[in-house]
Protein chains: 2
Amino acid sequence: MRNGHVPPADQAGLRRANLALVVRTLREHGQQSRAQLSALSGLSKATVSNLVSELESRRLVRAAGLTAGRQGRPGQLVELSPGSVCGIGLEINLEYLRATVLDLAGTVITEQLVPLRVVELGPQRCLDQLAELARSMLATVAAVGAWPAGITVAVPGLVDTQAGVVRFAPNLRWRQIALVDGLAARVDFPLERCAVDNDANLAALAEHTSGAASGTADLLCIVGSSGVGAGLLAAGVPVRGASGFAGEVGHLSLDPLGPSCPCGNRGCWERQIDLGTLLEVMSSPDDPVRDPSLAVSDRLRIIRGRAEAGDRRTLDALQQVGDALGVGLALLINVLNPAAVVLGGYFAELYEWLVEHARIQIASRVLSPEAARAAILPSTLGFTAAIRGGAQHAMRTVMDNPTLAPVVASEPTEAPA
Amino acid sequence: MRNGHVPPADQAGLRRANLALVVRTLREHGQQSRAQLSALSGLSKATVSNLVSELESRRLVRAAGLTAGRQGRPGQLVELSPGSVCGIGLEINLEYLRATVLDLAGTVITEQLVPLRVVELGPQRCLDQLAELARSMLATVAAVGAWPAGITVAVPGLVDTQAGVVRFAPNLRWRQIALVDGLAARVDFPLERCAVDNDANLAALAEHTSGAASGTADLLCIVGSSGVGAGLLAAGVPVRGASGFAGEVGHLSLDPLGPSCPCGNRGCWERQIDLGTLLEVMSSPDDPVRDPSLAVSDRLRIIRGRAEAGDRRTLDALQQVGDALGVGLALLINVLNPAAVVLGGYFAELYEWLVEHARIQIASRVLSPEAARAAILPSTLGFTAAIRGGAQHAMRTVMDNPTLAPVVASEPTEAPA
DNA sequence: TCACTTCGTTGGGTGGTTCATCAAAGTAAG
DNA sequence: CTTACTTTGATGAACCACCCAACGAAGTGA
C-alpha cells in the first residue's frame, strides 16, 4: 500500500543531498574547517565553500573561530549553529504531558512537564492541553530568535505515522485520534511539519542520535513503564512495519502456561516485566509503594532505596523481572541481531539490579556468539528519551533537506535575550 | 562498525539514479512508451529519451513495437531486454547444489541441480563443485550472448555478506568459510560481482521481486527444511542486523518446558516445526517415510499422499506443526508487522494442511487487528526461491547502477540461438 | 484532404559540481 | 626582518545533467 513513488533525481535534489551531507558530517565529527569538511565528505573544496555559505544564510551553521597551530593558513571552523533551528518534542503519557525544545547541536533550550490525568480528560481536551503546551514551546523558540523546524508527538501506542493518526493506545484508552490534524489546527502550525510517532520508536531515535547508543545503526530500545514497547532501528532507519505497528513486543507470549493477560493470552512478556508486575512481586497489596496516588518517579525512588538496602524480597523480584527481561531480549536479539539494546523507562532506573540477570539469560539463549555481543545499555536519557527523539525527528526533516529552512537577510543575529 | 560513509552526490550519481528509475519503472509497470515512462517517473520527455537510448546501448532495454490504437502518434514501446543481462544464483544445501540463470525480465534461462552430500564432501571440495557449476552457468550465459551481472550464492546459515564469508552453517558443519574469495578465484570472475547471503534472505527477495508477495515491501519469509530460517524485508530493504545474523528464528524458545534442543535450550521453534519433527510425530521409527536415503521431495510426496487420503495420524501431526507455526508467526508479526508472510521450503508443499491452524493461532495472539491482516501465503517459487533470489540479487546491482553494464557497439543482436 | 492529437527529438537555458589557479594567512628557518 | 614553505578558501572556466519550449513525425477522425 502507498507504494513509495520515488521522485526523479534532479539538480535541486543533488544540492539537497550535498547540503545534508555537510550537515551530517558536522553532526558526526563536530566543528570542522571547510578543508576538513572537504576531506571528510569527499566533496571538492569549492563545493564545500559554496554549500557552507548557503547553510550559513539559512542559519544551520555558523563560523566558529580558527583551527589551532600546525603549518599553513589556519582553517575557518564551521559548526552547527546553536539556538537557530529548533525541534519541538511533545509526549503524551498516562500521568503527564512533557515537552522539550532542542537545537541542532542537541542542546536543550527548554523543557516542561505538565501533570495530567490523560485518561480522565479524554482525547479532545487532552489535545487542547497539548496544543497549549506546544504554543508555549513555540513562544520560547520565537523568543530566542530561532526557527521551529517541526513538532513531533510521542504517544504510547500504535500510530499511523503517515496519516498522523493514533490508531490504538490501550493505556490512554484512545482509538483513531487524528492527532496531527487536531494539533496543527489548534496551534496554527504547518500540518506537514507536525508528526506523531510511537514513544519507543522516538526513544530509539534519541538514543541513536545522542544517547546511550550514539551512532549505533542497528539498535533496539526497550521502554518499560505501565506497558512495554520497543523501538527498532535497522541500518539507521526506523523499522515501522507495513502499517506502522512494528515493535509491539508487550504481548509476546513467552510462556503458554504463564499468567493470563487482559489481551486474552497467557504469559505475555509485559505481564512478566512491567512496573506493575514488579510491584506485585516485591510487595504486599497494602505496601505504601503500591499507593495509587504515587507518581512513578517516587515509586522508583522507594524501590531503589529498598534494593540498595539489600531487601531480599525486592532483590528477588528484580531478579525475576531481570530473568524475564533476558528471555524476551534473547528472542528479539535472535530475530533482529542489533548491535546494542538500550533499556529505557523504568528499566534504566533499575538497570544495575536487572542487567546481570538479563545478560545470563541472553547468553544461554542466543544462537551465535557474534549476535550475543549485543551490548545491553541503560538509557542515558531516561524518561526524556521520547521527547528528545521527537525533537530530533522534527529536526531530521531539515537536516535531510536544509533548503526547508528559511533564508535570513544578512545581519548575523540581534536576539534581545 | 564499518560506518556507511555516504559518498557525495555528483552528476554521475544523478544520472545513475535516473537510469535506475527508468529500469525500475519498467520493472514495475511492464513495457511502456517513452511518453508513458515520462509520466510515470516524473522525468521530462527529453530526459527519458536520453536515458532510454543509453540503456539501449547497454542492452538493458530494447524496442518493443508501438502502442495500440488511440489518437495521435503511436508511442514506441520500450521493455526490459530479455536474454541480454543475466544474474546467476547458486545454492548450497545438505543434499544438493542448485543453480539458475535469470534475465532482467525474470525469465529462467537455465536451471540445474547437482545431488551432492555436502557434509561428507567438506567445504573445499564442495567449493570445487560449486565453481564447476558456476562455470557451466557462465558458459550458458556466454552461449546466448548475454552479460553476467553477477553471481550470488545462497547458504543455509549465518553469513557475513560484507566480507563474503560463511560464519556458521550448522547443518553443513561449516565455519568461517571465505566463500566469495574461494569462488571468485576458482571461476575467474570479478570478486566484487560475487556475493553470498543467507538462503532465507534471498528467498524473501525472490518472493518480493517476482513471487507470492510480489511488490510487498514489508515481508517475512519463513523457510522450512531441516532447520528453519527467516528472511526479513522492511520497506523493501533486507534487514540483516548489525553482524548480518538477523532472522535466526529457528531457536526462538517458545516454551520453557518444551523438548530440549541440541542448542542447549528447551522449546525451540525449530524443534516444533521442522521437517524432522513432523516426521517423528506422524510416523513410527520404522515407517518407510523416515528412510534416511529418501530425498526431501520424495518424502513430501508421501506425506501429501497420506494427508490427501485423510490419514488421521498425519493430519494430527500437521495440525500440531501448524499450531506451532502460528504461535511463532504471531510473535514475529507482533515484532515486525509485515504486510505478508510467505511460507517457503516444505511449508509451501504442505501449505493447505498447515495454514488454517496457523491462522487461528495468529488471530488469537496478535495485538492489533490491523497487524493481524498480514496475509499468510504459500511460496510460489518453492525450493527455487533461494536461487532465484540469488539471481535477482546479482542483477540488482546493475539495475541500481546501469552504468555497470558494458556498452556494446551498434549491431542490435546476432545471437546464433 | 484537412484538422487534431499525441509522440519523441532538438536547441537553448539553468543549475550544480569540478578543476586549476591564485591570493590570503599563517609557520619555520636564515 | 626577510624569505620560503604550507595550507586554506575563493574565483572563473568547463562540463554535465536536467528542464522547457518549440517543432517535425505519425497516426486518427471528419
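In what follows, chains carry the letters A, B, and so on, assigned in the order in which the sequence lines appear, proteins first and then strands, with residues in each chain numbered from 1. Because the structure is predicted, anything quoted here is derived from the model rather than measured.
- Applying the side chain to side chain donor-acceptor pair (under 3.5 Å) criterion to Thr403(B), with sequence neighbours excluded, gives Asn401(B).
- For Leu43(A) and dG9(D), the CG to C1' distance is 15 Å, given to the nearest whole Å.
- Applying the 4.0 Å criterion to OP1 and OP2 of dC18(D), one finds that Thr47(B) has every side-chain N and O outside that range.
- Taking atom CZ on Arg16(B) and atom C1' on dC18(D), their separation rounds to 16 Å, with Å as the unit.
- Regarding Leu51(B), its CG atom lies at a distance of 9 Å from the P atom of dC19(D), rounded to whole Å.
- Results of the side chain to side chain contact (heavy atoms under 4.5 Å, CB included) test with Thr110(A) over Leu102(A), Thr140(A), Thr100(A), Val144(A) single out Thr140(A) as the only residue that passes.
- DNA chain D is contacted by both Gln36(A) and Asp10(A); Gln36(A) maps to the nucleotide lying nearer its 5′ end (nearest heavy atom per residue).
- Per the geometry, CG belonging to Leu66(B) stands 11 Å off P belonging to dT28(D), to the nearest Å.
- Residues satisfying the side chain to side chain donor-acceptor pair (under 3.5 Å) test with Glu54(B), not counting sequence neighbours, are Arg15(B), Arg58(B).
- Atom P of nucleotide dG16(C) and atom CG of Leu55(A) are separated by 13 Å, given to the nearest angstrom.
- Phosphate proximity of dC16(D) to Arg15(B): absent, as no side-chain N or O sits under 4.0 Å from OP1 or OP2.
- Side chain of Ser38(A) to backbone of Arg34(A): no donor-acceptor contact under 3.5 angstrom is found.
- If you measure from atom CG of Leu77(B) to atom C1' of dC7(C), you get 12 Å, rounded to the nearest angstrom.
- Spacing between atom CD of Gln32(A) and atom C1' of dT8(D) amounts to 14 Å, rounded to whole angstrom units.
- Separating the CG atom of Asn18(A) from the P atom of dG15(C) is a distance of 17 Å, rounded to the nearest angstrom.
- With sequence neighbours left out, the side chain to side chain contact (heavy atoms under 4.5 Å, CB included) criterion links Ala234(B) to Val239(A), Asp218(B), Val239(B).
- Taking Ser210(B) as the reference, nothing meets the side chain to side chain donor-acceptor pair (under 3.5 Å) condition, with sequence neighbours excluded.
- In terms of the side chain to side chain donor-acceptor pair (under 3.5 Å) criterion, Gln76(B) has no residue partners (sequence neighbours excluded).
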Can you give me the N/O atom pairs linking the protein to nucleotides 9-14 of chain C at distances under 3.5 Å, or say none if there are none?
residue	atom	partner	partner atom	Å
dT9(C)	OP2	Ser49(B)	OG	2.1

